[in-house]
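Okay, structure first, notes after.
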Amino acid sequence: MNTWYILGAGSLGTLWAARLARAGLPVKLLLRDSTSLSRYRSGGGLSLVENSQTSLYPIPAETAQGSTPIGRVLLACKAYDAEEAAASLAPRLSPGAEIILLQNGLGSQQAVAERLPKAHCIFASSTEGAFRDGPFRTVFAGQGHTWLGQPGQSAEPAWLNELSQAGIPHQWTANILGKLWRKLALNCAINPLTVLHGCQNGGLRDFPEEVATLCRELSELLLRAGQPEAASGLHEQVQGVIEHTAANYSSMYQDVQAGRRTEISFLLGYACHEGERLGLSLPQLKSLQQRLLAALQARGLPLT
Ligand code: NAD
Ligand code: KPL
């Protein structure tokens, strides 16, 4: 049985690690450096808080610089760290290793796949929600679902049953790019506006024209990018998400408030770049990108 190596002991990485480990599956964390490793070891493991109950999981850990071959790894870092993290693992990957890429947005998956042409890169798109409230301590904040797939491959791999064993809600799809594009479009229609207007998702009810125009441009982009499924009913879904998550702050809003780097290059940046590549005029999206970049710059946050 392949060990599940987890690179990125952050919110989603630890959420996966804890559930796999308690199902009796072999799991190992890959930490950034020896300082992080000794801090982890001194805490005795990672903690997961579910329904206000905290459990400690003493999952073994090492740094990425170890020497044991890796046959399967969950890459659970942010999109802007993915390519470098994948490259650091390259010397340890067995031929045909499986790399599950949990990054939001698009662009980082393709960069990793180009870096590691001999590996099987499986893309994932998740609606589960988790956040860290202490070192190696994660709160499972929102039930969700994870879509997995390799573009164009409909046959699902045998190891998916390990996710069922671990109680991780998931489904294999041949159209993983469509799922990723749809989530990207939702995030582009909602998240930047919540930053610019300084509001919860529900605050966007006050800007219906702006949301509608963005959804029109995003749908045009999705159609031209060959993603009709992702384009269909986008505006209605965006309106639905604004209603159902009215009291929530978007992930980008939270990142900006906390002074953290955003994944802008893999969301709005990717959308604008693809629009240009396809020769589309997307004035509202472009203007949104410029306004968001200016807002990040004003706060001294990275622009990529
Ligand atoms: P996070 O910041 O909580 O965790 C990322 C971890 O990766 C950090 O601990 C970081 O130190 C580590 N890391 C980065 N580079 C590394 C390296 N080279 N070696 C070892 N460790 C490294 O991020 P997250 O919230 O878990 O998000 C991961 C991805 O999942 C993002 O693309 C995010 O958009 C997406 N996502 C997150 C959620 C959520 O609720 N947290 C939901 C859906 C999608
Ligand atoms: O995924 C989201 C986020 O905040 O990142 C939603 C709730 C869909 C808003 O775009």
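What you see below is based on every heavy atom in this structure, not just the backbone, and it leaves out hydrogens, waters and symmetry mates. In listed order, ligands and their atoms are each counted from 1.
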Counting from 1, what ligand 1 atoms have a heavy atom of S126 closer than 4.0 Å? 43 (C)

Are E276 and K286 close enough for a salt bridge, meaning some N to O gap below 4.0 Å? yes

Polar proximity ligand 2 side, S251 side, N/O cut 3.5 Å exclusive: yes

Would you compute the distance between atom CD1 of I168 and atom CD of E128 and round it to the nearest 0.5 angstrom? 7.0 Å

Closest heavy-atom contact between W181 and A230? CB-CB, 4.1 Å

Please say whether G13 places an N or O atom under 3.5 Å from an N or O atom belonging to ligand 1. no

State whether a side-chain donor-acceptor pair under 3.5 Å links R182 with Q237. yes

Under 4.0 Å from one or more heavy atoms of S250, ligand 2 contributes atoms 4 (O)

Atoms in ligand 1 flagged as close to A85, the criterion being non-hydrogen separation under 4.0 Å: 18 (N)

For atom 42 (C) of ligand 1, which of E84, E128, E83 has the closest heavy atom? E128

Which residue and heavy atom of the protein sit nearest atom 7 (C) of ligand 2, plus the separation: N201 ND2, 3.9 Å

Where R261 and T304 come nearest, the two heavy atoms and their spacing: NE-O, 3.1 Å

Contact check: Q103 vs ligand 1, nitrogen or oxygen atoms, below 3.5 angstrom: no

Return the option from T63, L29, N187, L12 holding the heavy atom at the smallest distance from atom 36 (N) of ligand 1. L12

Would you mind checking which non-hydrogen protein atom is closest to atom 1 (O) of ligand 2, with the distance to 0.1 Å? N187 ND2, 3.1 Å

Using a plain distance cutoff, I'd like to know if R32 has any nitrogen or oxygen under 3.5 Å from a nitrogen or oxygen of ligand 1. yes

Any salt bridge between E62 and R92, counting N to O under 4.0 Å? yes

Where is the tightest heavy-atom contact between A185 and L222, given as atom of each residue plus distance? CB-CD1, 4.0 Å

Please work out, at 4.0 Å between heavy atoms, whether the side chain, the backbone, both, or neither of R132 comes within that distance of ligand 1. side chain

Quick one: nearest non-hydrogen protein atom to atom 29 (C) of ligand 1, plus distance? C77 O, 3.6 Å

For R22, is there an ion pair with E50 - N to carboxylate O distance below 4.0 angstrom? yes

When you measure from atom 24 (P) of ligand 1 to every protein heavy atom, which one gives the shortest distance, and what is it? K78 CE, 3.9 Å

Does any N or O of ligand 2 fall below 3.5 Å from an N or O anywhere on N191, backbone included? yes

Identify the heavy atoms of C215 and L234 that sit nearest to each other, and give their distance. O-CD2, 3.9 Å

Can you tell whether the side chains of R216 and E210 come within less than 4.0 Å, N to carboxylate O? no

E243/R205 ion pair, N-O < 4.0 Å: yes

Any donor-acceptor pair under 3.5 Å linking the side-chain atoms of D255 with those of T262? no

Scan side-chain atoms only and decide if W4 and E162 contain a donor-acceptor pair under the 3.5 Å cut-off. yes

Closest to atom 4 (O) of ligand 1 among protein heavy atoms sits G10 CA, 3.2 Å

Closer than 4.0 Å to some heavy atom of A76 - which atoms of ligand 1 meet that? 5 (C), 28 (C)

In ligand 1, which numbered atoms sit nearer than 4.0 Å to a non-hydrogen atom of L102? 29 (C), 30 (O), 35 (C)

Which part of A64 is near ligand 1, with near meaning a heavy atom under 4.0 Å away: side chain, backbone, both or neither? neither

Check this for me - ligand 1, N104, N or O atoms closer than 3.5 angstrom, yes or no? yes

Return the residue, atom name and 0.1 Å-rounded distance of the protein heavy atom closest to atom 17 (C) of ligand 1. L7 CD2, 3.9 Å

Can you pull out the closest protein heavy atom to atom 40 (O) of ligand 1? Residue, atom name and distance to 0.1 Å, please. A130 N, 2.9 Å

Let's go through N201 and T245 carefully: what are the C-alpha distance in whole Å and the side-chain angles of both, what is the deciding distance for side chain to side chain donor-acceptor pair (under 3.5 Å) to 0.1 Å, and is it a yes or a no? CA-CA 6 Å; N201 294 349; T245 64; 2.9 Å; yes

Check whether any side-chain heavy atom of Q150 sits under 4.5 Å from a side-chain heavy atom of P157, and report yes or no. no

Atom 12 (C) of ligand 1: which protein heavy atom is closest, and how many Å away? G8 CA, 3.7 Å

Any N/O pair E263/ligand 1 closer than 3.5 Å: yes

Number the atoms of ligand 1 from 1 as they appear, then name those within less than 4.0 Å of a heavy atom of G129, with their elements. 40 (O)

